[in-house]
Amino acid sequence: MDGANAVEAAGVPTSALNRIDLSSSDIPQSVSLLKQACLDSGFFYVINHGIGQDLMEEVFAQSRRFFGLPLSEKMKLLRNEKHRGYTPLFDEVLDTANQIQGDYKEGYYIGTEVPEDDPDVQKPHFGPNLWPSEEILPRWRQTMEIFHSQALNVAKVVARIIALALDLEADFFDKPEILGKPIPILRLLHYEGLISDPSKGIYGAGAHSDFGFLTLLATDDVPGLQICKNKDAKPQAWEYVQPLKGAFIVNLGDMLERWSNCIFRSTLHRVIGNGQERYSIAFFLEPNHECLVECLPTCMSEEHPPKFPPILCQTHLAQRYGDTHADLDVYRKEEV
Ligand code: OGA
Ligand code: NI
């Protein structure tokens, strides 16, 4: 880090986030801590979530192995139209208004394995995954599949606490039409060791809110994630979310903001590179394709009518993915 950036980083405060302990039997306390966090920043830590430290470390190690392959190898697994596979540097632009180039990160998308002969394969985001070969990266697929399934369980437990915090039955989101066949997306991320420069529009990840229901995020110990609780303030005030070993950072996405009529927050966040390489693992939980996201009965009143029209999950996702990812034709043109 050079002098100017060290000063800038030092001037950014750290956000004090609540910790929700999933092993606690004091459910009312967990609900209260989570509710406070959802009203305030939409960000909190989840601790004692039950995913072993060994598995977490194995996912990071396998992620490093993948991103360490030559670009030509990674490009063989380039993301397809189902959003599975490798996303190269600059593939995504999260904040078109302020970025002069795409995000300074590469990624890898892994979803639920939906075989070609399953009728659900017609749906966007559903299909077979792309996998690096077992000879090049032994146990890679196995590691990611185990983590994907365990992260989905954790996300569903968090969704139950969210339901209680919204004065709904704990299993409200477990309904077949909401999380019966959800779209759970694991995304490995690798940020190059670049120093971001917001004044020049250069970011690890541009400012954005997440698209869906909720996100679990595991990061290595390199700081970089920042949140902005009031996006309309001028100038915007940013706070660091510090990594917490073994915990997930959890944040709410736009669909939950719509469901809750903006009572729960889908907060703007971004990644600022400090010159160190950084790895993170994001797990996005989105509901069923046909789930209609509309204002919850507990979140509206005469004084607070619904702020948004109902929207289908798949319509919302298609819009947001389309707005933020490069057209695949860009890569086809590069091939010729
Ligand atoms: C994201 C995201 C933050 C990080 O992928 O949506 O906000 O720390 N990632 O990688
Ligand atoms: Ni995000």
Side-chain angles (χ1 to χ4, degrees), residues 9 12 14-15 17 41-46 56 59-60 63-64 66-67 79 83 85-96 98-99 102-111 125 147-148 151 155 183-194 196 198 203-229 231 238-245 247-257 265-286 316-317 320-321 323-326:
V12 177
T14 289
S15 196
L17 300 184
S41 63
F43 270 79
F44 50 91
Y45 295 108
V46 157
M56 299 287 275
V59 177
F60 275 104
S63 172
R64 270 186 222 108
F66 174 79
F67 290 119
R79 140 174 95 82
H83 287 280
Y86 176 61
T87 57
L89 224 52
F90 310 134
D91 180 73
E92 195 171 10
V93 191
L94 281 163
D95 179 14
T96 40
N98 292 303
Q99 286 180 269
D103 289 357
Y104 227 95
K105 66 172 197 250
E106 48 181 353
Y108 201 92
Y109 282 117
I110 299 161
H125 291 280
F147 181 78
H148 187 277
I183 312 174
I185 303 169
L186 169 59
R187 191 173 192 200
L188 310 174
L189 292 165
H190 172 222
Y191 297 86
E192 302 270 307
L194 173 92
S196 294
Y203 297 89
H208 68 282
S209 54
D210 288 355
F211 313 157
F213 184 173
L214 62 91
T215 306
L216 309 181
L217 181 77
T219 76
D220 64 13
D221 53 12
V222 178
L225 178 63
Q226 296 183 344
I227 64 173
C228 170
K229 291 193 206 166
K231 61 176 187 290
W238 291 88
E239 298 172 21
Y240 271 107
V241 172
Q242 295 298 347
L244 181 65
K245 201 164 175 56
F248 281 118
I249 297 163
V250 181
N251 65 290
L252 312 181
D254 298 341
M255 288 191 220
L256 190 52
E257 187 168 89
R265 319 242 344 247
S266 173
T267 294
L268 203 61
H269 54 284
R270 66 186 188 184
V271 175
I272 297 293
N274 69 0
Q276 282 171 283
E277 241 186 325
R278 179 172 180 274
Y279 291 85
S280 68
I281 298 162
F283 182 84
F284 305 101
L285 177 64
E286 328 292 13
H316 178 76
L317 277 188
R320 298 298 305 273
Y321 271 81
D323 288 349
T324 52
H325 286 69

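Each ligand, and each atom within it, is numbered from 1 in the order the structure gives.
Proximity to Tyr191 (heavy-atom distance under 4.0 Å) selects the following atoms of ligand 1: 3 (C), 4 (C), 9 (N), 10 (O). Residue Ser280 approaches ligand 1 through these ligand atoms, each under 4.0 Å from one of its heavy atoms: 4 (C), 8 (O), 10 (O). In summary, the atoms of ligand 1 found under 4.0 Å from a heavy atom of Val271, numbered by their order in the structure, are 3 (C), 4 (C), 8 (O). Contact atoms of ligand 1 toward His269: 7 (O) (distance under 4.0 Å to a heavy atom of the residue).
Neither the backbone nor the side chain of Lys105 comes within contact range of ligand 1; no heavy atom lies under 4.0 Å. Heavy atoms of Asp210 found under 4.0 angstrom from ligand 1 belong exclusively to the side chain.
Between Asp91 and Arg79 a salt bridge is recorded (basic side-chain N to carboxylate O distance below 4.0 Å).
For atom 5 (O) of ligand 1, the closest non-hydrogen atom of the protein is Leu189 CD1, 3.5 Å.
Note on ring orientation: taking the six-membered ring where Trp is involved, the planes of Tyr279 and His190 are parallel (angle under 30°, cut-offs 30° and 60°). His325 and His83 have perpendicular rings, their planes meeting at more than 60° on a 0 to 90° scale where under 30° would count as parallel.
In this structure, the side chain of Thr87 engages the main chain of Gly107 through a donor-acceptor pair within 3.5 Å. A donor-acceptor pair under 3.5 Å is formed between the side chain of Arg278 and the backbone N or O of Val222.
Heavy-atom separations between Arg278 and ligand 1 include at least one value shorter than 4.0 Å. Proximity of His208 to ligand 1 is established by a heavy-atom distance of less than 4.0 Å.
Between Phe248 and Tyr45, the distance separating the two ring centers is not shorter than 6.0 angstrom.
Using a 4.5 Å heavy-atom threshold, the side chains of Leu94 and Asp103 count as touching. Using a 4.5 Å cut-off on side-chain heavy atoms (C-beta onward), Glu286 and His316 make no contact.
Neighbouring protein atoms of the Ni ion (ligand 2) (N, O or S, distance under 2.8 Å, waters ignored): His208 NE2, Asp210 OD1, His269 NE2.
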